[in-house]
Structures are given as C-alpha cells and as structure tokens.
A.B. asks: 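Supplied in structure tokens, the structure appears directly below.
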Amino acid sequence: MSNKEILLFDTKSRKLQPLVSSNGKNLRIYSCGPTVYRDAHVGNMRTFLLGDLITRLAKSLDHSVEFIQNITDVGHMSEDFVEDKMLAQAKAESKDPFEIARTYEKRFHADLKTLNINPADSYPKASECIDLMHDLIERLIKSNNAYVGSDECVYFDAQSFAGYGAISGNRLDSLKPGHRFEYTEDGAKRFHADWALWKAAVGRSEMIWDSPWGKGFPGWHIECSAMSLHYLDKFVDLHLGGIDLRFPHHENERAQSNAAINQDAVALWVHGEHLLFEGRKMAKSTGNVVLVSDLKAKHIDPLALRLCFLENRYRSQMDLSWDSLKAAHLLLQRWRQKVQSWKNDKEVDQAAVQRFIDEIVADLRQDLDTPRALQKLRGIEKSETISAANKYQIFIAADKVFGLDLDRQPYKNELPTQLAQLLEQRVQARTAGNFAESDRLRDLLAENKVVVRDSKEGQSWDWLI
RNA sequence: GGUCGGAUGGCCGAGAGGCGAGGCUCGGGACUGCAAAUCCCGCUACACGGGUUCAAAUCCCGUUCCGACCUCCA
C-alpha cells in the first residue's frame, strides 16, 4: 500500500477497499445531504463530519477532490404525501415551503461552520435539478427499467435490475409488502417493491412541477442518482451517507444509476453509523434531540462534539452524553493551553516530527482510525522525551485533519455585564481581606455557572459546564 | 422472524496473541486565607462455559444478555 492510499470499509463488498480516482485526475465524492425542513441535529452532523474527514485527509495526501452534497428541498419524503415533511413544516410555521427550505439550509451551513466541517464544492438543490431528474426518468423508461403506472406515477421496475439488494443484503423475494407502514396495494405498481420515480400531483398544489407525465413531484431516490451522475460526470468514486440510507435509499439509487448508464456508477459505498444520545437513538419522538445550538447554550465548545466523534470510529454506533461532551470540552481546553505553552520553544527536530505525523496519518488512512490517532496524540502530549517545539509541530499538523482549532485560546462564551461586576466586587473584597464577602460572591457566581479561580496572577474565571 | 454490531474497572471507552491505552469520577498529598485549577500518588477490569496455545480481553465453538436496522430517518 502506497503511503497516499486511503482504505475505507465498503458496505457493498463488506471489505476494506482503497479509495482511488477512476479518472486519474480527482476523487469524485458524493454525500447525501440534509432535508431542510428542520434543524439538523448532532446525529446528522456526525454523518456530515465523515465527508469532511475523508476530504481533509485526501487533500492532505495531495489528492485532488471534487465533493458534492445535495440539499433536499423538495418534499417527497413520504409515500403518503399528505404527511410530507416540507409541506407540514411550512404549514406549521405558516410560511412558503421554499422559504422554510432556505431558512434551514442557511442554518445547516452555519452548523457545519461551527463544527469546522469544510464545505463541499457544491450543494445542488433538488428543486433546481428537476430537469435532470426528468431526463433520467425518460432514459429509464426507454431502457424498460421504468414504466408509467395506472395512477400516472412513474415507477422503477425493481425486477428489471439484476443486482438489486447488493448493498443491503435484502433480496426482492424476501421483501414483504407493507412491512412497517400501512400500505394499500392499489394495483398501480406492477410489483410491491417497485418505487416511484415521479409522483402525480393529485391533490397537491405546492412544490409541484410540469413533467412529460403530468404535474407532480420527484420520488424519494431519483435526485441523488440524477445529481451524482450529472455533477460527477457519470461516476462516483465514493458515495457517503448515514447507515439508515443503506436501504432503501441507496439500494434504489444504485439500481437507478446503474440501469441508466448500464454499468456500475459507484465504486465505494461508505456508511456512517448512528449516534445515540444517552443510550437511545436520537429522534424527535424520543425527545432526546440535541442541536449544535444546545451546546453553545451550555457553554460547551461545539468542537468538543467534534472531538467526541473523533474518539469513536465512524462505523461504530456511539453513545453521546453530556458527560462525554464535558470531558471532551475539558480535554480540548487543556490541549489548547498546552499548545500555547509549547509554541515558544524553537528546538524542532523536523525528521522526528515527520515520523510522528506519518504514524498518525497512517492510522487515519486505515479506515479513519481516529481513536487510535488521538491515542497517539495523548501519548505525545505526555511524553517526556519529545521537545515542546516538536509537540507543537505535531499537534498543529494533526489538527489539519482533526479540525479542532488546537492553536487557539480556549473557548469561552462572553460574560454578561452583571456577572462581570460580581467578579470585580470579588477582587475588591479579596484585596480588602474580606474573605467572607469574597466567598459569598464566589458562591453567587457559581449559582450563575461561573467558576472562579485565584492564583498568583490574580483571579480568573470559567463557565461551569 | 431476518440482518448487522456489541458485552472491558465506580462510570465512559481504546485494544493489532506476550509490557493493565486514555479520560471522567472518587480517595490521599503538594499548593491555597479557604477553594478551584494544576502537579504527584492511589483505585489492577475484560458477560458465561468449553477449546486452541508456552502464552487469550484478543483466535475457535457454544450460551446468555444488550443495541441498531429491516420501505419516515444521518
């Protein structure tokens, strides 16, 4: 294995596979993006971090990368479009559905930025790619992979695609109709596992478009096929997404794309595992949804979340908790302090530094083994034989991929004026030797989540988390 | 029912056949007006039953328990 090769676990072959550029120029990467009908929660962020880590690593190894992530701003998430999520949210907020989409899209980008997740090269929107989807559907009808049903919807003929099920391990003959949701067989589909490529508008009046098959809106899976084939020029070296998209979304996307170009459209399928919060899957119905903004409100550095993610392998389920976030926050603060203290030392041994960096990068190239790489960093931090200057160089180099802003002063939310005044009063009380008063103020500040420390240099404070 | 993962000290969590990762909490000490922070010391675990091996948390077989997914979903 060359020292620029990145190995990733491919869901379809169930093996580690090298990430290679099929056109010899750049790595073409596609990631399923958010549906912008609500704020993305930290579980979504874990999946989006996966794309960031891979692209940062690839770029640090001098690969050229083209990274596309879609924005789903068209409501087609449900078979039953009465419950469509985009339209339901628009109704709930009494707004135009596209206004909802733009609002949450903006917040999605803001959250990425907060977590140092570098932006993709482009974010095509489903609503702006309707023509691409039409072209693709027409092509699939011509090749006999799709048909117009008696209800004017266009369906993909699942049985027409021989390799169906290769990603998820599902087989068409074992897929039972109506497994989970009430499903009424109305006879419009020829086979229960066929899925809609284009849905007729019927009673819907918003978010619909003209099409060769009448007014309607795209099916759930077609946008990713259309966009990835178009924007990445008919081949994807790496396709990313959350584990739950493995089936049916990626299975169906694969059938559509491969049928359309009559060959494999994706080399590697890589899936990020789910994030649990305090033992349970993060979901609105469970009531344990955590947003990036919730971290800031608790005075936790949002990058502590990033560090928590890095401490776990991307394809293991991980259980996040306020305790683990707090621990990561404190580690981050400690590292930033140490990095600042190492900065002034100038005794760099470039060869030694490079050896450590190579070891860390080797861990990352091995299916993004971030926990192992972080363990190396902890070892380097504690080492008594590595000079401060070398430690500084190693941490800064590692941070290019980790993205933890290690060369920065510790994170701190701003202090409200009222609390700043209490701090000032405490300094005066202490100067006057009035320890009863200074202790009272310390308790008062603690009630307001501010912890006070005294040292030879004087009083300092931090948010209690 | 099917598929895929897990089970490691008070808690979280990494483990690549052979030196008990690391973090958090807790206890002791130094420091401090008292604290906090920091530093030092302490707390010796791998679900169960077999097997392979000189040597098993790690490999093999079986058992129990837990989780996720199985046509909304990152």
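So you know, we letter chains A, B, ... as the sequences are listed, proteins then strands, and number each from 1. Given the structure is predicted, the values throughout are model-derived calculations rather than measurements.
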A.B. asks: Test A:Y147 against A:D194 for side chain to side chain donor-acceptor pair (under 3.5 Å), laying out the working first.
C.D. replies: CA-CA 10 Å; A:Y147 58 91; A:D194 292 351; 2.6 Å; yes
A.B. asks: How long is the line joining CD1 of A:I380 and P of B:G22, in whole Å?
C.D. replies: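 The distance from CD1 of A:I380 to P of B:G22 comes to 14 Å, rounded to the nearest Å.
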A.B. asks: Counting the atoms with a prime plus P, OP1 and OP2 as sugar-phosphate, which does A:L245 contact under 4.0 Å by heavy atoms, base, sugar-phosphate, or nothing?
C.D. replies: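 Sugar-phosphate contact only.
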A.B. asks: Base, sugar-phosphate or nothing for A:L275? Non-hydrogen atoms, less than 4.0 Å.
C.D. replies: base
A.B. asks: Return the value, rounded to whole Å, for the distance between atom CD of A:Q337 and atom P of B:C39.
C.D. replies: 10 Å
A.B. asks: Please enumerate all residues that pass ring pair (Phe, Tyr, Trp, His ring centres under 6.0 Å) together with A:H250, with sequence neighbours excluded.
C.D. replies: A:H239, A:W269, A:H271
A.B. asks: Among residues at least two apart in sequence or on other chains, which ones pass side-chain contact (heavy atoms from CB on, under 4.5 Å) with A:F435?
C.D. replies: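 Residues passing side-chain contact (heavy atoms from CB on, under 4.5 Å) with A:F435: A:R430, A:S438.
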A.B. asks: Determine the contact category for A:K326: base if any of its heavy atoms lies under 4.0 Å from a base atom, sugar-phosphate if only primed atoms, P, OP1 or OP2 are that close, otherwise nothing.
C.D. replies: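 Result for A:K326 = nothing.
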A.B. asks: Tell me which residues in residues 427-439 of chain A put a heavy atom below 4.0 Å from RNA chain B, sorted by number, or none.
C.D. replies: A:R430, A:F435, A:S438, A:D439
A.B. asks: Once hydrogens and angles are ignored, does a donor-acceptor distance under 3.5 Å link the base of B:C72 to the side chain of A:K85?
C.D. replies: yes
A.B. asks: Under 4.0 angstrom, heavy atoms only, what part of the nucleic acid is A:H41 near: base, sugar-phosphate, or nothing?
C.D. replies: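 Since a base atom lies under 4.0 Å of A:H41, the category is base.
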A.B. asks: I need the residues from residues 453-465 of chain A with at least one non-hydrogen atom less than 4.0 Å from RNA chain B; give them sorted by number, or say none.
C.D. replies: A:R453, A:D454
A.B. asks: Counting only Watson-Crick pairs (N1-N3 plus N6-O4 or O6-N4) and G-U wobbles (N1-O2, O6-N3), all under 3.5 Å, who is the partner of B:C69?
C.D. replies: B:G2
A.B. asks: Nearest-Å distance, CG (A:L445) to P (B:A36)?
C.D. replies: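 So the two atoms are 16 Å apart, to the nearest Å.
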A.B. asks: What integer distance in Å separates A:N170:CG from B:C4:C1'?
C.D. replies: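 Value for this atom pair: 12 Å.
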A.B. asks: Quick one, give me the B/S/- string for nucleotides 5-15 of chain B, reading 5' to 3', where B means a protein heavy atom under 4.0 Å from the base and S means that only happens at the primed atoms, P, OP1 or OP2.
C.D. replies: ---------S-
A.B. asks: Touch check for A:G272, heavy atoms < 4.0 angstrom, all strands: base, sugar-phosphate only, or nothing?
C.D. replies: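 Nothing, no heavy atom under 4.0 Å.
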A.B. asks: Does a distance-only test, which skips hydrogens and angles, find a donor-acceptor pair under 3.5 Å between the side chain of A:R246 and the base of B:C69?
C.D. replies: no
A.B. asks: Students often get this wrong, so: under 4.0 angstrom with heavy atoms, is A:R440 touching a base, only sugar-phosphate, or nothing?
C.D. replies: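 No contact.
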A.B. asks: Please state the P separation for the pair B:G17 and B:A56 - nearest whole angstrom.
C.D. replies: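 Nearest-Å result for B:G17 against B:A56 at atom P: 14 Å.
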A.B. asks: Can you tell me if A:N3 and A:D358 form a side-chain donor-acceptor pair at under 3.5 Å?
C.D. replies: no
A.B. asks: Using both distances under 3.5 Å as the test, list the Watson-Crick or G-U wobble partner of B:A7, or none.
C.D. replies: B:U64
A.B. asks: Check whether the side chain of A:R46 and the base of B:A74 form a donor-acceptor pair under 3.5 Å.
C.D. replies: no
A.B. asks: Does a side-chain N or O from A:K189 land closer than 4.0 Å to OP1 or OP2 of B:U71, or not?
C.D. replies: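 Answer is no, no contact under 4.0 Å.
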A.B. asks: Counting only side-chain nitrogens and oxygens, does A:R38 get under 4.0 Å of the OP1 or OP2 atom of B:A74?
C.D. replies: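 Indeed, a polar side-chain atom of A:R38 lies that close.
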A.B. asks: Per the ring pair (Phe, Tyr, Trp, His ring centres under 6.0 Å) rule, what does the pair list look like for residues 436-465 of chain A, sequence neighbours excluded?
C.D. replies: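 The answer is A:H299-A:W463, A:W461-A:W463.
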A.B. asks: Could you tell me whether A:R378 and A:E381 have a side-chain N and a carboxylate O separated by less than 4.0 Å?
C.D. replies: no
A.B. asks: Tell me: CZ of A:R426 to C1' of B:C34, nearest whole Å?
C.D. replies: 10 Å
A.B. asks: Figure out the NE2/C1' separation between A:H329 and B:U25, and round it to whole Å.
C.D. replies: 18 Å
A.B. asks: When you check the gap from the basic side-chain N to the acidic O, do A:D369 and A:K376 get nearer than 4.0 Å?
C.D. replies: no
A.B. asks: Rounded off to whole Å, could you give me the CG-to-P distance for the A:L377 and B:G23 pair?
C.D. replies: 13 Å
